[in-house]
Structure formats: C-alpha cells, structure tokens
Amino acid sequence: MKIKQVSVFLENRSGRLKEVAQILGDAGINISAFTVADTSDFGVLRLIVDNPEEAFRILKEKHFSVRTTDVLLVNSSNKPGALSHLLNILSNEGIFIEYLYAFTVNDDNAVFVVRPANVDKCYSVIERYKDELNSHNK
Amino acid sequence: MIWNEKIECASRDEMAALQGTRLVKTVRRIYHNIPSYRNKMQETGLLPGDIKSVEDISRLPFTNKSDLRDNYPFGMFTVPMSEIVRIHASSGTTGKSTVVGYTRNDLQMWSEVVTRALCMAGVHKNDIVQVAYGYGLFTGGLGLHYGTENLGATVIPVSGGNTKKQIELMQDFGTSVIACTPSYALYLAEVMQEMGITPGSLNLRVGIFGAEPWTENMRREIEAKLQLSAIDIYGLSEVVGPGVSCECSHQTGMHINEDHFLPEIIDPDTLEPVKNGETGELVFSTISKEGIPILRYRTRDLTRLIYDKCECGRTLVRMEKCKGRSDDMLIIRGVNVFPSQIESVLLEMSETEPHYLLIIEREGSLDVLKLMVEVQEQFFSDEIRELEALRKKITNAIQSTLGVSAEVKLVEPKTIERTAGKAKRVIDNRKF
C-alpha cells in the first residue's frame with residue numbers, strides 16, 4: 001500500500017521531539033510508527049500517522065519544516081526470515097532503498113515501511129510478488 | 001629614519017599647495033576619461049575648472065564601491081590597457097570583485113609610500129622582512145614586498161599560511177620584521193608556544209600589522225607575546241593598497257601619505273565635512289594615480305584626523321585607528337565580507353528570501369565564521385544525505401564567493417530571531 005509519510009526537520013535540541021509529539025497528540029492524531037534519522041547537528045523525524053494531511057497542516061502552522069513523502073507499507077509476518085525474504089526480492093529486482101523501518105502489529109503481523117528510490121517501480125514489484133510474499137507469510 | 005623628509009615634514013601650506021596642483025590635474029583627468037564621473041559632475045553643474053585648490057574638494061561628487069562594480073572590470077581606468085602593468089582585486093559586495101589597475105608610475109609611487117611606511121615603523125635596510133600577507137590579487141603581499149625591496153631591506157616572500165614553516169624561516173633566516181594580519185600574529189605566537197620556541201630566541205623586532213581592525217589591547221598582547229613593536233598599517237586596494245597610512249614608532253595614529261592620498265572626514269548621514277578633529281567617515285581622493293585615480297572615495301571606515309605635528313617630526317596628517325564602519329562590511333581573517341554576499345549565495349540556491357544568521361567568534365586568535373541557515377521547505381529533503389549535500393553545497397559556495405570558510409549549520413525555520421519583522425543577520429562576538 002502506498003501512503004504519505006510525514007517528515008519533520010529537527011535540530012538536535014532537547015525538547016523538540018516532545019513538542020512534535022505533543023502537537024500531534026493534542027490534535028488527536030495517532031502515530032503508528034516513527035523513526036529518527038540523525039546527524040550531529042540535526043535529525044529528520046519520520047512519522048506514519050492516521051491523518052497525514054492534517055499532521056502536515058498543523059505542523060506547518062507551527063512553523064516546522066515538514067513535508068510528506070510517498071512510502072510503501074508492506075505487510076509481513078512477524079517471524080524470523082521475513083525481512084530477509086522481502087529484501088531478497090527487492091534486491092533481485094534491482095530496487096534501491098533509501099531507508100526502511102518496521103513496526104509490529106501483533107504477535108503474528110508486522111509492517112515494513114519502505115522508502116525506495118523509485119516508489120512506482122518498487123510498488124509494481126511488490127504487487128507482482130504479492131502472492132509469494134503472502135505464501136511466505138503463511 | 002624619515003624616507004622622504006621634504007614631503008613628510010613639509011609645512012601645511014607647502015602640502016596644501018602640492019595637493020591643490022595634483023587635485024586639479026586629477027579632476028581634469030577623470031572628467032575627460034570617466035563618463036560616469038563626468039555625468040555626476042555635470043548633474044551638479046560642476047566643471048573641472050571650478051576646482052582650483054584643496055578647499056574646493058567638498059564640491060566634488062563622491063565615488064562609491066558600487067561605481068567600481070558598475071564599471072567592472074576596467075571602466076574606471078584612465079589609461080589604455082597597454083599602460084596598465086598590474087591588476088589587483090578585492091571582494092565586492094555581491095559577487096563581482098573590485099578591480100584596480102596600476103601603471104608603471106603607480107607601482108613606483110606605491111613602493112615609495114610603502115617604503116615610507118616601513119621607515120615610520122622603524123624598519124631599515126639591514127632588516128629581514130618576512131611578508132606573510134597573501135600574495136596574489138590581494139594587495140597586501142605584493143604591496144609590502146616591493147616597498148621592502150625599494151627600502152633595500154631583505155624580503156622573504158613567504159605569503160600567507162603554513163604557520164610552522166613561517167616559524168622555521170624566522171629561526172633559520174633571522175627574520176627581524178614580520179608583516180601579516182594582527183590576528184595571524186597572535187596565532188603565530190600560539191604555534192610558537194606549542195613548538196616550544198620562545199620569542200626571545202628569535203630576532204623579531206617590528207611587526208607591520210594591518211588589513212583588519214584591532215584594538216590597543218590586542219597590540220599589547222602581541223607585543224608581549226612576540227616581543228616586538230606592533231605597528232598598525234592601513235590601506236585599501238581602491239586607494240592603492242597597504243601604505244596609504246602607517247603608524248610611526250610613537251604609535252599615536254597613522255601618518256597618511258597625503259601628498260598622494262588626500263583625506264577628508266565626512267558625516268556619513270549628511271555627507272557634509274565634519275568639524276576639524278571630529279570622528280566621521282574617511283574619504284580619500286587619490287591625486288597622483290594614473291591607472292585608476294579616484295575622487296572622494298567613501299572608505300566606510302570611521303576615524304578622525306589629527307593635524308598636530310608628531311613627536312617623530314613628521315607633519316603628515318595622522319588618522320586614528322579605525323573605530324568601525326559606516327556600512328555592514330565585516331573583516332574576517334583579513335578578508336572583506338559583506339552579508340549581502342551570503343544572501344546572494346543562498347538566494348541562488350532557493351530563489352526565495354533566505355533566513356540566515358552569521359556569527360563571528362574569535363576562537364583563540366582566529367576569527368571563526370558560523371553560518372546558521374534556516375531549513376525552509378524548499379530546502380527540506382526527507383533524506384539525510386540530501387540535507388548533508390545541501391550543507392556541503394552551501395559551505396563550498398560560501399568559501400568560493402567569500403574567500404573564507406564558514407561552518408554551516410542547518411536550523412529549524414523561525415529559530416533565527418526577527419526584530420520588527422526583519423531578521424538580525426550578523427552577530428559579531430569579537431571585541432574590538
């Protein structure tokens with residue numbers, strides 16, 4: 001599934017992450033997953049939320065540098081070998097990944113958040129291998 | 001020793017008469033060769049014949065740095081290029097540099113005034129002068145170089161940088177005079193200490209320091225750390241380069257070589273001359289140059305003139321150490337930097353008004369430039385490697401445009417303080 005991920009530019013200062021969390025919490029926006037990519041001076045907070053448009057609007061209003069990025073959500077089983085299986089397919093198909101993170105839904109299911117260099121190409125690959133991915137999941 | 005006693009100790013009347021004759025000639029030269037200045041004169045109904053003596057100078061229009069930029073590169077030269085034997089340039093306010101050209105006579109005059117300056121500082125022909133100003137388009141290196149040769153002293157043309165090598169040469173060659181920026185002099189002292197070399201073991205006697213503002217406190221510090229007499233030299237390429245004025249060993253103001261560079265002090269707001277002895281903006285007219293003579297050039301340096309005779313015997317008018325600027329130019333490690341240059345670099349990358357803050361610190365003895373740039377949406381990429389690439393791109397562009405390196409830091413939007421809607425662009429934490 002292709003969805004909008006919300007990215008926020010953050011300086012490495014204490015309290016900044018809290019502020020974003022609070023703004024979204026107060027607005028009733030639920031965060032399903034997030035990751036922080038950081039350097040010595042700054043970081044990029046990436047969020048999967050239930051209402052990305054609203055999250056974007058509200059953070060922009062609060063003067064954050066924010067943008068949305070297309071990412072792919074790939075359902076997977078929550079068991080050993082699932083990640084390697086997915087990466088194997090993508091690698092064989094020549095898909096370059098900018099970054100990737102994951103969250104678990106419950107004891108059986110997990111979701112990979114994939115940001116490929118070419119979203120559409122990756123999406124079609126995943127569609128093509130849907131059955132195989134599903135069979136592995138079972 | 002006084003190099004040119006006849007001139008340097010002339011009476012005020014003699015000097016004014018010489019200046020008047022030269023000014024009249026220069027006005028005519030410029031009027032007939034530089035259309036842009038002729039237009040300015042015609043706008044006020046002024047003819048060359050109206051200028052008869054130094055008293056008339058305040059009737060003439062000013063020349064600004066922007067006039068040099070508008071006539072880039074050679075439009076202000078009053079001789080054909082075949083007569084120009086050397087070019088120098090300094091940084092402009094927005095990208096294009098300010099270009100100056102010298103005829104053979106100009107170079108001879110420049111050497112003479114630098115030689116006078118060296119003599120004022122107490123340098124003589126037995127000295128070994130290490131020139132650690134940059135050689136190249138910057139006037140510092142070559143200016144000091146030829147003045148030293150003209151004096152008959154020995155010049156070591158080492159140019160800037162390579163600090164350990166500089167100190168080795170001082171040891172091996174017995175350098176007695178060092179010429180560099182005052183902040184670099186302090187850096188030399190630091191490195192010497194690290195290398196375990198005491199200044200007492202060296203031959204240093206005199207330091208010729210210029211190209212950036214420095215305080216009396218800094219002078220005392222340099223004199224204590226390097227055990228030499230620290231002399232302030234002043235100059236700017238638009239006028240000639242170093243040697244426009246220089247302190248004598250009494251260190252009570254810089255003697256202006258006013259037979260070539262006629263000084264005035266004006267109020268930078270009203271543009272009217274100030275009363276004798278008052279502080280204002282220094283304005284120079286070059287009255288003997290051929291390549292690029294310039295009338296009433298606004299230096300933007302704030303100072304005052306002292307017409308009393310100096311204890312050294314010279315009657316040449318003195319200017320006090322510059323107290324600041326009437327524009328926003330900064331001098332970083334001897335390099336002129338205008339905030340507008342930074343703005344134009346950032347504009348090229350984003351096409352919208354950039355928000356930035358420039359912080360200048362003196363860390364140890366060296367100026368450090370820190371540039372904070374707000375990450376506006378048009379800059380913001382979701383990928384770290386693109387943000388790092390952006391930071392590197394800004395760093396490189398700043399280095400190549402300004403000629404000095406800056407530490408670039410990306411910050412969140414609206415973190416840079418706005419005062420009355422407009423951002424404060426520069427914080428200079430150095431103490432002058």
Side-chain angles (χ1 to χ4, degrees), chain A residues 2-20 23 33-49 52 55-72 96-101 113-119 122, chain B residues 342 346-347 349-361 363 368-399 405-424 427:
Chain A
K2 185 155 63 171
I3 63 149
K4 297 271 183 220
Q5 169 192 259
V6 177
S7 305
V8 189
F9 179 83
L10 290 180
E11 275 172 63
N12 281 358
R13 279 192 286 135
S14 70
R16 297 306 286 153
L17 188 55
K18 187 219 105 181
E19 209 164 315
V20 176
I23 289 168
F34 76 90
T35 175
V36 179
D38 70 312
T39 71
S40 58
D41 288 336
F42 61 83
V44 176
L45 169 65
R46 298 168 183 141
L47 300 152
I48 303 296
V49 295
F56 175 83
R57 195 189 61 75
I58 217 155
L59 287 169
K60 195 178 151 88
E61 201 178 275
K62 301 276 184 190
H63 304 306
F64 282 92
S65 257
V66 52
R67 60 175 289 163
T68 57
T69 316
D70 288 335
V71 292
L72 300 175
F96 183 82
I97 296 170
E98 298 286 356
Y99 55 81
L100 169 149
Y101 53 104
V113 183
V114 185
R115 168 66 187 173
N118 185 332
V119 177
C122 183
Chain B
I342 291 165
L346 296 175
L347 260 173
M349 294 185 182
S350 71
E351 293 170 348
T352 54
E353 194 199 357
H355 287 289
Y356 65 92
L357 179 67
L358 195 61
I359 302 171
I360 307 126
E361 314 263 9
E363 286 181 0
V368 178
L369 202 58
K370 291 176 182 164
L371 179 65
M372 298 170 96
V373 182
E374 283 189 0
V375 177
Q376 307 285 348
E377 245 159 87
Q378 68 272 12
F379 278 154
F380 180 40
S381 157
D382 165 57
E383 281 151 39
I384 294 285
R385 105 187 125 89
E386 279 184 31
L387 286 167
E388 286 289 8
L390 169 72
R391 194 166 67 124
K392 206 164 170 198
K393 197 173 149 197
I394 297 174
T395 307
N396 292 343
I398 292 289
Q399 166 79 50
S405 55
E407 271 174 41
V408 176
K409 194 176 170 185
L410 302 178
V411 300
E412 288 170 27
K414 306 284 176 192
T415 48
I416 293 169
E417 188 196 337
R418 268 92 168 149
T419 32
K422 205 174 173 342
K424 188 171 169 50
I427 295 177

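Heavy-atom basis, side chains included; hydrogens, waters and symmetry copies ignored. A, B, ... follow the sequence lines: proteins, then strands. Residue 1 opens every chain.
The contact between A:F64 and chain B is made by backbone and side chain atoms together, counting heavy-atom distances below 4.5 Å. Interface residue A:L10: backbone and side-chain heavy atoms are both found under 4.5 Å from chain B. With a 4.5 angstrom heavy-atom cutoff, A:T69 touches chain B only via side-chain atoms.
Around CZ of A:F56, the count of heavy atoms belonging to other residues, nucleotides or ligands within 6.0 Å exceeds 12. Applying the 6.0 Å contact sphere to NZ of A:K2 captures more than 12 heavy atoms from other residues, nucleotides or ligands.
Using a 4.5 Å cut-off on side-chain heavy atoms (C-beta onward), B:D382 and A:Q5 make contact. At least one side-chain heavy atom of B:E388 sits under 4.5 Å from a side-chain heavy atom of A:F42.
Annotation for B:F380 and A:V8: closest pair CZ-C, 3.7 Å, computed over non-hydrogen atoms. When all heavy atoms of A:R46 and B:E383 are compared, the closest pair comes out as NH2-CA, 4.0 Å. In terms of heavy atoms, A:R67 sits closest to B:S381 at NH1-CA, 3.7 Å.
Between the CD1 atom of B:I384 and the OH atom of A:Y99 there is a distance of 10.0 Å, given to the nearest 0.5 Å.
A donor-acceptor pair is defined here as one N or O able to donate and one able to accept, closer than 3.5 Å; such a pair exists between the side chain of B:E412 and the backbone of A:E11.
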